[in-house]
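The figures here come from the full heavy-atom set of this structure, side chains too, leaving out hydrogens, waters and symmetry mates. Fair warning: this is a prediction, and the values are worked out from it, not measured in the lab. Numbered from 1 within each chain, the chains take letters A, B, ... in sequence-line order.
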2 protein chains.
Amino acid sequence: MPDRKRLTLKDIAKELGISVSTASRALNSYAGISDETIKLVKEFAEKHNYVPNTMAVNFRKNKTMTVGMIVPELVHYFFSSVISGAISTAKKHNYSILVSQTDEKLKNEVFAIRTMLSSSVDGLLISVSNETINGEYLQEILDEGRPVVQFDKVLDEMNTPKVIVDDFQGAYDGVRHLIQEGYSKIAHINGLQHVKNSQERLRGYQKALLDHGIEESESWVLHCQQISEDEGFAFAKELMTSENPPDAIFCITDLVAMGVMKYLKQAKIKIPKEVGVIGFSNWDMANFVSPSLSSIDQYAYQMGEKAMELLVEAIKNNEVGKNQIHEIIPRLVVRESSKRLS
Amino acid sequence: MPDRKRLTLKDIAKELGISVSTASRALNSYAGISDETIKLVKEFAEKHNYVPNTMAVNFRKNKTMTVGMIVPELVHYFFSSVISGAISTAKKHNYSILVSQTDEKLKNEVFAIRTMLSSSVDGLLISVSNETINGEYLQEILDEGRPVVQFDKVLDEMNTPKVIVDDFQGAYDGVRHLIQEGYSKIAHINGLQHVKNSQERLRGYQKALLDHGIEESESWVLHCQQISEDEGFAFAKELMTSENPPDAIFCITDLVAMGVMKYLKQAKIKIPKEVGVIGFSNWDMANFVSPSLSSIDQYAYQMGEKAMELLVEAIKNNEVGKNQIHEIIPRLVVRESSKRLS
DNA sequence: TTGAAAGCGGTACCAG
DNA sequence: CTGGTACCGCTTTCAA
């Protein structure tokens, strides 16, 4: 396949009998170039299908109009929605997005960041893995003078804009709803204790109980390691076969709630009559299961849009290390799994 | 934020009192450079954290080590799985992936292709939108001498490697399974008639009926426009309230099957006792609904891996326009929704 | 085994 | 308003 040599600025200049610089300026419509010349050059370029060599432009301007996006998992309703939102905003600003995933492994995250760096991205959107405890690797990219925006799972101590969901509020709303539906023995299947989202959701759960005069029982708070369906199943079994079984379970994610419901159904425990269930994230499947699952929607798509906006802005203003928090208020979506009344 | 100027080859050369070319060759371990020099340069580079300027390298070599990937929809179990597979293979070969989505709109697809082109991707992975009927826009990228690999939804007439699922076989296996379970009045909710996947699945459905001596009824084949849950619901209703309702429904995708099951449950029609249901794609939710949904697994992740492998190979060998078909044999996953026996 | 130098294709500064 | 030219950082050819 002989790569048909592409037309360059030099070719155009020679062909039209003008200088390369004039041609360049004409194509970019600089002030101080006669309309005539501009027209001449543009028409010629159009006619001959001139496409500027992006690599040359990137090289010269030291910009790629490309940003990196690193997520823990791609095959995931929440994250793919965030990416979708980010892509849509990126498109508006003429940015492209390099996507990478870490499978929640720090090792992969470090590799991904390095790769992004070497791909010369203009900036980075990242939701850190569960294994990530400090941001030393992330710091490298900031040190290069390239902006980073964190979203969803963030490292507090890193100075970057952050787009997060108000997990506390979401959890609070969910648990309050359970209480209002008449549940009073509410268990919570939480996540990894060092992860901030988990901590906040736990706080919301506790505060809701407190505010409604319900005493907390330590044995009703369990912590997942994998945040998996299997854990949901196992913990539900553990809870329901204990001395003092709960009458509602607030789950750290919808996936865990799926496991919980699977167990309850298998054990012939009626949802929501005997036990209420509520998830977090509002996955697509929440709608399809029966009973349909009440959940907390995190506005994933909007989160992606916002994160990308902040990144574009930071790139434009060459702002690195600005610590700014954009908090998204989640929305309780009530479905069948938590409706005891009515 | 003052961008700390990065170390360049020139700096290294000056510092070590050697020429830029020697430094370059040493770093790349050229033959004809003394081991001593190589060691000297590499150690210096290592110590001072030298990172080659990728944009300069790209520019010089006219390669970016980046490929584009265009899918109809990102928030989709199947496509995100394919992307995931592609990313994993890309990583092995040191490629990065630019991701874009078209929302099944030709307009967006054209834009995405143009953007990818201008981002100087080394190659392109694409699954075309439902609106795409011919490949003139795709041809542009081939004409530039850059390889394209199509996957899942492909344009037959384009000369590119293609990775597809044997839709015919998948449909055949699914319908045969229904027949073996004792269903005989099998309806099929198909997709858009001009899309190849739809045609093949329809063929498989028809052949299975034929092979088992079951007569086909035209009124039992319906065509979706959107391939949506709502359509599944509406068509199920149409079928079940008709003069001659079927006793099984083979759906073009799991999403449509979700709608079908929703209707059946609402109409108190027992699955799988009265009506069997089977989907296509084997989404994660197939496991979570009840009854769980039988489906045809397309090995999405492997499809992504394979497509990326073919692309890397094509890039390496500078092969553009090679027409090669890699067909993946899907796998029937039997769950509750189609098990009438036992 | 090494150095000098010519670009790659643009952009932008300085003169005129 | 336009042309000439230096240069971005690296690779590679040619000479030594």
Q: Going by the rule ring-ring contact (aromatic ring centres under 6.0 Å, His included), which residues pair with His93(B) if we only count those two or more places apart in sequence or in a different chain?
A: none

Q: Over how many whole Å does the gap from Leu16(B) atom CG to dT2(C) atom P extend?
A: 12 Å

Q: Could you state the atom-to-atom distance from CG of Asn62(A) to C1' of dC7(D) in whole Å?
A: 14 Å

Q: Check the distance between dG9(D)'s P and Leu7(B)'s CG and give it to me in whole angstrom.
A: 11 Å

Q: Strictly below 4.0 Å, N to O, side chains only: are Lys107(B) and Glu131(B) in salt-bridge contact?
A: no

Q: In whole Å, what is the span from the CG atom of Asn53(B) to the C1' atom of dC8(D)?
A: 8 Å

Q: Kindly determine whether Glu144(A) and Arg6(B) satisfy salt bridge (charged side-chain N to carboxylate O under 4.0 Å, His left out), including the steps that lead there.
A: CA-CA 8 Å; Glu144(A) 289 261 345; Arg6(B) 278 207 324 205; 3.1 Å; yes

Q: Look only at the side chain of Asp122(A) and the backbone of Met65(A), and say whether a donor-acceptor pair between them is shorter than 3.5 Å.
A: yes

Q: Who are the salt bridge (Lys or Arg N to Asp or Glu O under 4.0 Å) partners of Lys91(A), not counting sequence neighbours?
A: none

Q: Apply salt bridge (charged side-chain N to carboxylate O under 4.0 Å, His left out) to residues Lys153(B) and Glu104(B) and explain how you reach the verdict.
A: CA-CA 11 Å; Lys153(B) 293 202 281 186; Glu104(B) 299 281 9; 2.9 Å; yes

Q: Give the rounded distance in Å between these two atoms: CE of Met55(A) and P of dG9(D).
A: 18 Å

Q: Around atom CD of Glu46(B), are there more than 12 heavy atoms of other residues, nucleotides or ligands at under 6.0 Å?
A: no

Q: Specify the separation, in whole Å, of atom CG of Asn58(B) and atom C1' of dG9(C).
A: 14 Å

Q: Once you round it to whole Å, what is the distance between P of dT11(D) and CZ of Phe59(A)?
A: 11 Å

Q: Could you identify which residues of residues 113-124 of chain A place a heavy atom less than 4.0 Å from some atom of DNA chain C, listed by residue number, or say none?
A: none

Q: Got a donor-acceptor contact below 3.5 angstrom from the Ser118(B) side chain to the Thr115(B) backbone?
A: yes

Q: Side chain of Ser34(B): nearest nucleotide among dG10(C), dT2(C), dG9(D)?
A: dT2(C)

Q: Let me check the geometry of the helix from dT1(C)-dA16(D) to dG16(C)-dC1(D). What is the bend angle between the axes at its two ends, five pairs each, to 10°?
A: 40°

Q: Look at Asp156(B) together with Lys196(B) and state whether they make a salt bridge at an N to O cut-off of under 4.0 Å.
A: yes

Q: Of Val148(A), Asn159(A), Leu124(A), which meets side chain to side chain contact (heavy atoms under 4.5 Å, CB included) against Leu142(A)?
A: Val148(A)

Q: Which nucleotide in the set dG9(D), dG10(C), dG3(C) lies at the smallest distance from any side-chain heavy atom of Ser19(B)?
A: dG3(C)

Q: Relative to the 5' end of DNA chain C, which residue comes earlier, Lys10(A) or Ala23(B), by the nucleotide with the nearest heavy atom?
A: Ala23(B)

Q: Base, backbone or nothing for each nucleotide of nucleotides 11-16 of chain C, written B, S, -, heavy atoms under 4.0 angstrom, 5' to 3'?
A: BBBB--

Q: Between P on dC8(D) and CG on Asp11(B), what's the gap in Å once rounded to a whole number?
A: 11 Å

Q: My understanding is that only residues two or more places apart in sequence, or in another chain, count here; which of them pass side chain to side chain contact (heavy atoms under 4.5 Å, CB included) with Val110(B)?
A: Leu106(B), Arg114(B), Tyr137(B)

